[in-house]
Amino acid sequence: MKKLLHIVLFTSGILYLNLCYAARPMLTDDARIVDPKACQLESWIRDSKHITEYWALPACNVSENLEVTIGGSLEGESGHSSFANELYQMKSIIQPIAVNQTGYSIVLGNGRDPKRTMNKVIQDWYLNVPISYPYNDRLVIHTNLGVTHLTDEKTEKMNWGLSSEYNYNEHIDLISEVFNQSSNSVYFQFGLRYWLIKNRAQIDTTYMNSFNHIGEDQSFSVGLRLLSLPFLP
């Protein structure tokens with residue numbers, strides 16, 4: 001059964017070869033969601049020095065303004081693979097992005113990590129507020145501020161992120177960010193997105209590293225995002 005699920009997620013990653021509209025491959029989220037009654041599938045492969053991650057995050061806007069994401073990842077290490085993360089998330093727009101108008105959204109989620117302890121699955125709750133500012137007709141700046149409740153440590157840690165999204169031409173977006181996701185390290189990431197089919201199919205590739213451990217925490221990712229037309233009842 002585990003092998004079958006591994007194949008399903010890995011195949012999703014190959015078919016993709018999406019942020020989180022929803023910012024993938026950036027970890028700094030934006031104030032956008034998919035169209036009402038439509039869905040997207042984000043999947044990607046991230047390769048680091050010791051671990052290869054296979055991610056799949058399907059999401060749907062189940063009403064006019066509620067995007068629901070349910071997904072997770074597998075990790076491959078030393079020839080073995082295992083479930084690494086589960087993610088359950090809801091996102092809603094407070095104010096949409098428009099010309100000369102900053103966009104705001106709110107995100108509530110639950111992340112589960114079965115590998116953090118040997119005895120039980122750890123559930124971390126998080127709240128995030130993505131803000132997107134259209135600097136001009138080509139450049140959008142995204143900021144995040146949020147908090148994560150670390151269940152096993154019984155404490156809260158702040159999340160923050162700052163990213164840029166530059167529309168280089170009709171097909172290519174240049175992306176970069178710095179962020180901290182409830183850890184002791186500050187990370188940076190940069191890369192590009194390329195539209196295979198405008199607003200429907202997009203590939204991306206990025207390089208990530210840590211300011212605290214240059215070289216030790218570096219990773220590369222490649223992914224593809226698919227967006228549907230509205231079809232939900």
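The residues of the chain are indexed from 1 along the displayed sequence.
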Exercise for the section: Nearest 0.5 Å please: distance from the CD atom of E216 over to the CG atom of N209. Expected result: 9.5 Å

Fill in the blank from the handout: Tightest non-hydrogen contact, residues S228 and R200, listed as O-NH1, 3.8 Å

Completion exercise
Between P96 and Q101, the two heavy atoms sitting closest are O-NE2, 2.7 Å

Handout entry: Whether N65 side chain and I93 backbone form a donor-acceptor pair below 3.5 Å
Key = yes

Problem - Contact check, side chains of L162 and I141, non-hydrogen atoms, under 4.5 Å - result: yes

Fill in the blank from the handout: All heavy atoms of A31 vs all of S105, minimum pair found to be CA-OG, 3.5 Å

Problem - Any M26 side-chain heavy atom under 4.5 Å of R193 side chain - result: yes

Handout entry: L139 reachable from Y194 in the ILVMFWY side-chain graph, under 4.5 Å edges
Key = yes

Problem - Pairwise side-chain contact, T28 with T143, heavy-atom cut-off 4.5 Å (strictly under) - result: no

Practice task
Test side chain to side chain contact (heavy atoms under 4.5 Å, CB included) on I203 and V222 and set out the steps.
Solution key: CA-CA 7 Å; I203 59 173; V222 61; over 6 Å; no

Fill in the blank from the handout: Hits for salt bridge (Lys or Arg N to Asp or Glu O under 4.0 Å) against K198, two or more places apart or cross-chain, chain-then-number order -> none

Exercise for the section: Please name all residues satisfying ring pair (Phe, Tyr, Trp, His ring centres under 6.0 Å) with F190, sequence neighbours left out, ordered by chain then number. Expected result: Y207

Exercise for the section: Answer yes or no: is there a side-chain heavy-atom contact under 4.5 Å between I106 and L127? Expected result: yes

Handout entry: Exercise: identify the closest heavy-atom pair between S221 and W44
Key = CB-CD1, 4.5 Å

Exercise for the section: Examine distances only and state if a side-chain atom of R112 and a backbone atom of Q123 form a donor-acceptor pair shorter than 3.5 Å. Expected result: no

Practice task
With sequence neighbours left out, write down each residue that passes ring pair (Phe, Tyr, Trp, His ring centres under 6.0 Å) with Y187, or none if nothing qualifies.
Solution key: F179

Problem - Verdict with reasoning, K157 to N184, per side chain to side chain contact (heavy atoms under 4.5 Å, CB included) - result: CA-CA 10 Å; K157 286 193 174 183; N184 296 321; 4.0 Å; yes

Handout entry: For T102, side-chain contact (heavy atoms from CB on, under 4.5 Å) partners two or more places apart
Key = Y104, I131, Y133

Exercise for the section: Mind checking the OG-CG spacing from S185 to N180? Nearest 0.5 Å is all I need. Expected result: 7.5 Å

Exercise for the section: Could you point out which residue of H149, K154, E153 forms a side chain to side chain contact (heavy atoms under 4.5 Å, CB included) with T151? Expected result: H149

Completion exercise
Sorted by chain and residue number, the side-chain contact (heavy atoms from CB on, under 4.5 Å) partners of P36 (sequence neighbours excluded) come out as N61, E64

Problem - Same cluster (ILVMFWY, side-chain, under 4.5 Å), M90 and L232 - result: no

Practice task
Enter the distance from I70:CD1 to E86:CD here, rounded to the nearest 0.5 Å.
Solution key: 10.5 Å

Handout entry: Min side-chain heavy-atom separation S219-Q189 under 4.5 Å
Key = no

Exercise for the section: Group every Ile, Leu, Val, Met, Phe, Trp and Tyr by side-chain heavy-atom contacts under 4.5 Å, then state whether V140 and V129 land in the same group. Expected result: no

Handout entry: Atom CD of Q95 with >12 non-hydrogen neighbours under 6.0 angstrom
Key = yes

Handout entry: From CG (D217) to OG (S183), nearest 0.5 Å
Key = 9.0 Å

Practice task
State the OG-CG distance between S176 and L192, to the nearest 0.5 angstrom.
Solution key: 12.0 Å

Problem - Polar side-chain atom of E165 near backbone of D173 as donor-acceptor pair, under 3.5 Å - result: no

Handout entry: Donor-acceptor pair between N159 and T148 side chains, under 3.5 angstrom
Key = yes

Practice task
Determine whether I175 and T206 make a side-chain contact, defined as any pair of heavy atoms from C-beta on separated by less than 4.5 Å.
Solution key: yes

Practice task
Using a 4.5 Å cut-off on heavy atoms from C-beta on, say whether the side chain of V178 contacts that of W160.
Solution key: yes

Completion exercise
What one should report as the nearest heavy-atom pair of E177 and L27 is OE2-N, 3.0 Å

Handout entry: Common cluster, L66/L108, ILVMFWY with side-chain heavy-atom separation under 4.5 Å
Key = yes

Problem - OH (Y168) with more than 12 external heavy atoms under 6.0 Å - result: no

Handout entry: Backbone N/O of K49 and side chain of Q218: donor-acceptor pair under 3.5 Å
Key = no

Exercise for the section: Evaluate side chain to side chain contact (heavy atoms under 4.5 Å, CB included) for L57 paired with Q89, printing each intermediate quantity in order. Expected result: CA-CA 10 Å; L57 292 179; Q89 177 179 286; over 6 Å; no

Handout entry: Co-membership, hydrophobic cluster, residues Y135 and I172, 4.5 Å side-chain
Key = yes

Problem - Pair E53-N85, side chain to side chain contact (heavy atoms under 4.5 Å, CB included): steps then yes or no - result: CA-CA 10 Å; E53 302 174 15; N85 296 277; 5.7 Å; no

Problem - Any residue meeting ring pair (Phe, Tyr, Trp, His ring centres under 6.0 Å) with F188, in chain and number order, not counting sequence neighbours - result: F211

Exercise for the section: Taking the side chain as every heavy atom from C-beta outward, state whether N144 and P130 have any pair of such atoms under 4.5 Å apart. Expected result: yes

Problem - Point-to-point distance, once rounded to the nearest 0.5 Å, from CG of L227 to CG of N199 - result: 7.5 Å

